[in-house]
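Single-structure report; data block below.
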Amino acid sequence: MDREALKNKLTEVFPDASYSENKQFIILTTTSDKITGVAETLKNNTDFRFDYLFCITGEDWLNYFIITYHLRSTHLGHELVLKAKIENREKPEIETLSHLYPTAELNEREIFEMYGIHFLHHPDLRKLLLPDEWEGFPMRKDYYDPLHIVELE
Amino acid sequence: MNEVTEYFSDIFKGVRSLLKGMSVTGYYFLHPKEIITQQYPENRDVLKVPERFRGELVMPHTADNQHRCTGCSACQLACPNGSIIIVSDRIETPEGKKKKIIDKHVYNLAMCTFCNLCVRACPTDAIVMSNDFEHATYDRGDLIKILNQPGSKVLEGIEE
Amino acid sequence: MTTAAIDTSETKEYFINMGPQHPSTHGVLRLLLTLEGEIIKNVEPHIGYVHRAIEKMCEKSSFQQIIHLTDRLDYLSCHMNNEAVCLAVEQGLEMEVPERVKVIRTIIDELNRISSHTLWWGVMGMDMGAITSFLYGFREHEMITEIFEETCGARLTMSYNVPGGLMFDIPPHFQKMVKDFLVHFKKKLPEYDTLLSNNIIFTERTKGIGYLSKENAIAFGVTGPSARASGFACDVRKLKPYSAYHKVNFKEIIFTEGDCFARYKARIDEMWESVSIIEQLIDNIPEGDYFVKTKAVIKLPVGEYYQSVESARGEFGVYIVSDNKKNPYRVKFRSPGFANLSALNKIAQGCKIADLVAIMSTLDLVIPDIDR
Amino acid sequence: MKILSIYDFSNLTQAIHTWLSGKMSVVSTQVVEMILVGTVFLLFFAVLGLVLVYAERKVCAIIQVRLGPMRVGKWGTAQTLADFIKLVFKEPLITRDADKFLFNLAPFIIIIASFMAVAVMPFAKGLQAMDFDIGLFYISAVSSIGVTSILIAGWASNSKYSLIGAIRSGAQILSYELSAGLSLLTIVILTGSLQLSEIVESQADGWWIWKGHVSSIIAFVIFIIAGTAETNRGPFDMAEAESELTAGFHTEYSGIKFAFFFLAEYVNMFIIAAIGATVFFGGWMPLHVGNFEAFNNIMDYIPSVVWFFMKVSAIIFLMMWFRWTFPRLRIDQLLTLEWKYLLPLSLMNILLMAFLSLMGWHF
């Protein structure tokens, strides 16, 4: 499906999501509570068939978080960036996608330990890379650790 | 009967594949000239290090102890690890202007990752990477080097 | 240990720790195996022993400085990693690099792929108990390393790419060196087959072992030769050609068996393809500049840039979010090893310990790539 | 029989015996002789270990396009000695929950087992500590005691890796003992004797590997495979399997106890090679080709001890060559190889040999 057709179809299926575009991707932004529904439709709808999740990124935008999912359809060849906005910084929560994309399981564990975002219904939400006794969420922008971070200049 | 032939042909094929593998190793056993390893400290004289090999940051000096570093700290800014620190001095030029000149170009070899960014950043080509790779010392302090030699001066005409 | 405690008094299962210091985990990967006899019931990877927070470090580095950090991700395909960052930055700056740069980048890419695969081949043999192959693999790896040393001054962490081009021009005898190597390599590659690929013990140990279906490969995000052995056409060089890949003819190696031998064979065949790609390009390096001058401080326009390249292990992606400052706002490395590792549990269940070693070798895990 | 008398050691041993008997009583003669032989074997063991380890390192190095040890002594000849000294001075660690008695016992059992096997080895005419009339049976019985040591070591270490290695080794040696024994029996059909000296004597007019046609060649191939497996060497180093089980049964051993296991591996390799040389290649018998009298005479001038060691080292080299070429088998494939291929083949082979022998078709 070419880019225009994909965009039209997306707006048809998810009318209340917000869209933006860059040179490479169509970016679909939704909220954290709708992510499972959106992802399920994206994966199972025969027009989309986004079956390959190749990159999951957590982003800290100081007063909200964004989880970015890069999706590709191996059947139809089109790509999409799905973003989920998490407004609640105090208690960030989002549904897991690991039942749809098993690759998300380890990635979500990494985002959990780095940003402190809880993935609900995740099968095994533990720290992955950091030591078990590590405190704080190092990838957050306001993380401060005078012992381990050496500021240059 | 078919199974029996298969059984024996399996054995035959297997043994043949093993013998072929042995012929490869056997070839190398009979051709010691193929040996590629070298005895390192003994081969120092014939050891060829490529010209571009990045072993250590150095500051070339001319015969009369002059270098090209103006102390602009571009290398310090370019360094991703903070392994370069420029200690500069302020002097007064004959015309009466205040001017910054280099006092010490401190280079910490232990922290260097040899990425060559400092050499690229240098506007006056004052620093280069040398081929020397034998840096082992008994004291970590030896790895912190001052690149400009004592008493050295900036080469005339570099500043402009 | 935070593993959910399984009461092993009633079952015949027991735990065994494979790693962090184990000869065949190739680095500091720790696998917590649940075994019943020698049969593997569950594999739980524990990673992070060499986690260096490279993504966090990137947020404090300029775009030039990021490149030398990517060398240290998957150190065996460092040039591809460098290239991914450079392409992402060039994409952000809307900069077109000279043809010469593209061709040289492609040649070095493929040399790097061969060097990575030869080393993998040696290690694969060693894991299977044929230690001799390790040295043979290293011999060819070393020859490429010497070419790199002549070309960019470093053996492993090359940092040859810079945003806008290359750090140096190729040396005058570059073409001769590469051609000499190819002549040697084409003689030695059949030896690899005689020693391992056709060996009955080796084929018995890899054929039909560690099956990964195409669906699972996609679901777990497995890429590279490991996924192509399962029939998942995921070669970034074909899907989204970058550098000079649109100019060369090469086959995407696809097998459908999905077992260890297919993954092994995919890499061996990929080496032949790499040889052919280099041969097509080595005599046709266009004249021109070897870099485009960029500003000393690179600032990407606000936005997000994703660039993936085909590293020796699979799709290596760089995702840069920029807020028009000299440092990126967020950098994410989509490392192929991380995704490949996540499929390990699925593949290894029901195998024996010896098979697990073969599976890990054919997935070609590089631990710094996983931990980042 | 034209063995030159200067190479006949029975005169020498007889002379020593007579001299000793003249000096002291029968019992003390026996004791002194035992001590003498024991000391000689101990020294022989030490030298053998050093030489074989050095040889393996060099063979493996050249095969792997390396130089191998080069630093200690000329061409690194003293390297194994240096390593041995290092191992002696290393701290013998014992894991906390190990069964200390068995843990310490295991290395001694394996070294004693291999020690015992050398006793019946006919190095040259008359140079044999014991000449049992069931020598071959004795040797295969004794050489399999070693596996108990591996089992004990694996069990007593109280480490899972060691245990897996030990159990693998148990399964492996139990099965391969069968085909090793059967392939030797194939030759026993021809010799009609289990006495090693007699087996050697019976090959004066030609080695069994030629005289027994295809059947003895098959027997030899099976024997060398089973022998390699019995010594736990690659491609059958299941018990060690360093890429799977770190170091298998001797994971927890260090220092001198590890050195014992290490030495035992090489001595076992020597024993298997020596049996192979004795049974199939005529032991210390020189190479004689039909009626080429001149050639045969020249061959006779090479001392019989040299002949023996030449044959043994050829077989040892073959085993090293195997090890540095082949990948390791998996444990179930190892057992498949034995029970589905080697055992049926050796049973068939023994029938074939009996048939050949019955028809008198051997030379």
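Atoms considered below: every heavy atom in the structure, side chains included; atoms not considered: hydrogens, waters and symmetry mates. The chains referred to below are lettered A, B, ... by the order of the sequence lines, with proteins before strands, and numbering in each begins at 1.
A centroid separation of less than 6.0 Å is found between the aromatic rings of Phe138(C) and His141(C). Aromatic ring centroids of Phe12(B) and Phe8(B) lie 6.0 Å or more apart.
Only the side chain of Val162(C) comes within less than 4.5 Å of a heavy atom of chain B; its backbone N, CA, C and O stay farther away. Contact annotation for Tyr136(C): only side-chain heavy atoms (C-beta onward) come within less than 4.5 Å of a heavy atom of chain B. Only the backbone of Met158(C) comes within less than 4.5 Å of a heavy atom in chain B; its side chain stays farther off. Using a 4.5 Å cut-off between heavy atoms, Arg120(B) contacts chain C through its side chain alone, with no backbone atom that close. Looking at Ala78(B), only its backbone comes within 4.5 Å of chain C, counting heavy atoms on both sides.
To the nearest 0.5 Å, the span separating OG1 on Thr124(B) from NE2 on His67(B) amounts to 9.5 Å. To the nearest 0.5 Å, atoms CG (Leu117(B)) and SG (Cys122(B)) are separated by 13.0 Å.
Your options are Ser17(B), Ser23(B), Pro50(B), and the one with the most heavy-atom pairs under 4.5 Å with chain C is Pro50(B). When the candidates Thr151(C), Thr132(C), Thr157(C) are compared by the number of heavy-atom contacts under 4.5 Å with chain B, Thr151(C) comes out ahead. When Asp169(C), Leu135(C), Thr203(C) are compared by the number of non-hydrogen pairs under 4.5 Å with chain B, Asp169(C) comes out ahead.
When Asn81(C), Leu69(C), Val85(C), Asp74(C) are each tested for a side chain to side chain contact (heavy atoms under 4.5 Å, CB included) with Phe333(C), only one passes: Val85(C).
Between Arg155(C) and Glu146(C) there is no salt bridge, since no side-chain N of the basic residue sits under 4.0 Å from a carboxylate O of the acidic one.
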